[in-house]
There are 2 protein chains.
Amino acid sequence: MSALAEVFREHGYEGASLSLLSKATGLGKGSLYNFFPGGKEEMMEAVLADIDSWFATTIFAPLEQAQDPAAAVTSMIEDVTAYFRSGRRVCLVGCIGLNSSGATFAIRIRSYFARWISALVQCLETAGVPTSPAEQIAEEVVSGIQGAIVLARALGDDAAFLRIIHRQHSTLLDAIARMPPQSA
Amino acid sequence: MSALAEVFREHGYEGASLSLLSKATGLGKGSLYNFFPGGKEEMMEAVLADIDSWFATTIFAPLEQAQDPAAAVTSMIEDVTAYFRSGRRVCLVGCIGLNSSGATFAIRIRSYFARWISALVQCLETAGVPTSPAEQIAEEVVSGIQGAIVLARALGDDAAFLRIIHRQHSTLLDAIARMPPQSA
DNA sequence: GCCATCTTGTACCGATCGGTACAAGATGGT
DNA sequence: ACCATCTTGTACCGATCGGTACAAGATGGC
């Protein structure tokens, strides 16, 4: 399963040929089509669903139910840094959304980013940050992470990813720290 | 020429088939291979060179030779917003760098971003911003633009692109305004 | 008008694409 | 042990891939 994801990540949807997918999974085409009768499209859909659920439990839910907002955003930053391997690993959802092959998965892509932003907003609001700046900051951070991936990949420079992500982290902590502690 | 670029932008390198390229340009395969004997790779190389030169004259050079840094960054923001069509249009250089097909063009991709950042640093330094924060800000802004494209595309929301870019603009102007005006 | 050069369309190449058919091999309930 | 079901590999399908060959058609210097 994660082998499929890695092929799509590295080669994109069009570039991920069945032979690559077959080789990466160690399964023959027969097996692949047994599990995914819908072919490549269904494989991608399954991979996206897998990613979605991983983010939902690891990233989104903790943010949404955070008791300690500062700790929640710190742990998000850590998880994201580990997940994207400091920018060496690409965000499949963001990637697919860029070219026309992603039109098929538009709803899923949109909801992935929408929920990420809304989870972050919710976390900031828990910390007492008013809605309007919270929305701005959340949007900026999620966008900033995607930008960091693009730039780090292009420059082949992991350190750049870490620097940018660190700055997003500071932005979040500053916003939280500025607010009077709320007793939920 | 720009027709080729648009196909690569929209479908990626792998997804841009010769039939698509042929249809987009109105030229037959024979003509295409007459101009680009190296095939698809040479076409992409030419497109990247074209983009590179456009950015060099329109974006990079004005930043590097800016007399009025504030005006220079403002005009950069305007040009970039127009060029990327408020996030509807994708950054081909950033895109290609994400998946493995971009390995062939790694040097060109790297130098595109490196020069963009260095041009921005130079502009900020002209305004009297010390090197260290200038590098941080430049990196953040270039990365932020890429992130804005990814997010706006994913959400199908031009307004998000404009909001994020506006914030990057403010960051640049703030950094410049904080410094005592320098007489070059 | 003539000829060399440049440009174009069409036909074609082997390879690979995504996808199907199907028979042989595992698997597990009884 | 038996049989139905699930799983797998292989062979194969038409379509399209990137790329080539080449002859007919434009073009322009002279």
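Chain letters run A, B, ... following the sequence lines, proteins first and then strands; every chain starts at 1.
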_Between C1' of D/dC17 and NE2 of A/His11, the distance in whole Å_ = 17 Å
*Quick one: is A/Ser19 getting a side-chain N or O under 4.0 Å of the C/dC17 phosphate, OP1 or OP2?*
yes
*Taking atom P of D/dC17 as reference, at what distance in whole Å does atom CG of B/Leu21 sit?*
10 Å
*Among D/dT8, C/dG18, C/dG9, find the nucleotide with the atom closest to the side chain of A/Ser31.*
D/dT8
*Determine the interplanar angle of the B/Phe55 and B/Phe84 rings, folded into 0 to 90°, and report it as parallel if under 30°, tilted if 30 to 60°, perpendicular if over 60°.*
tilted
*asked:* Without decimals, in angstroms, what is the distance between B/Leu18 CG and C/dA15 P?
replied: 18 Å
*So, are A/Arg163 and A/Asp158 salt-bridged, with charged N and O less than 4.0 Å apart?*
no
*asked:* Just the rounded figure in Å: distance from C1' of D/dC17 to OH of B/Tyr13.
replied: 13 Å
*Name the nucleic acid region contacted by B/Gly30, choosing base, sugar-phosphate or nothing; use a 4.0 angstrom heavy-atom cut-off, strictly under.*
base
*Selection from D/dG9, D/dG18, C/dC17 that lies nearest to any side-chain heavy atom of B/Ser17*: D/dG18
*So, are B/Arg115 and B/Glu64 salt-bridged, with charged N and O less than 4.0 Å apart?*
yes
*Taking atom C1' of D/dT20 as reference, at what distance in whole Å does atom CG of B/Leu32 sit?*
14 Å
*Once you round it to whole Å, what is the distance between C1' of C/dT16 and NZ of A/Lys23?*
13 Å
*Counting Watson-Crick and G-U wobble pairs only, both distances under 3.5 Å, name the nucleotide matched with D/dT8, or none.*
C/dA23
*Find the distance A/Tyr33:OH to C/dG18:P and express it as a whole number of Å.*
7 Å
*asked:* In this structure, how many angstroms lie between the C1' atom of D/dT7 and the CG atom of A/Leu27, rounded?
replied: 9 Å
*Under the 3.5 angstrom rule, does the side chain of B/Ser22 hit a backbone N or O of B/Leu27 as a donor-acceptor pair?*
yes
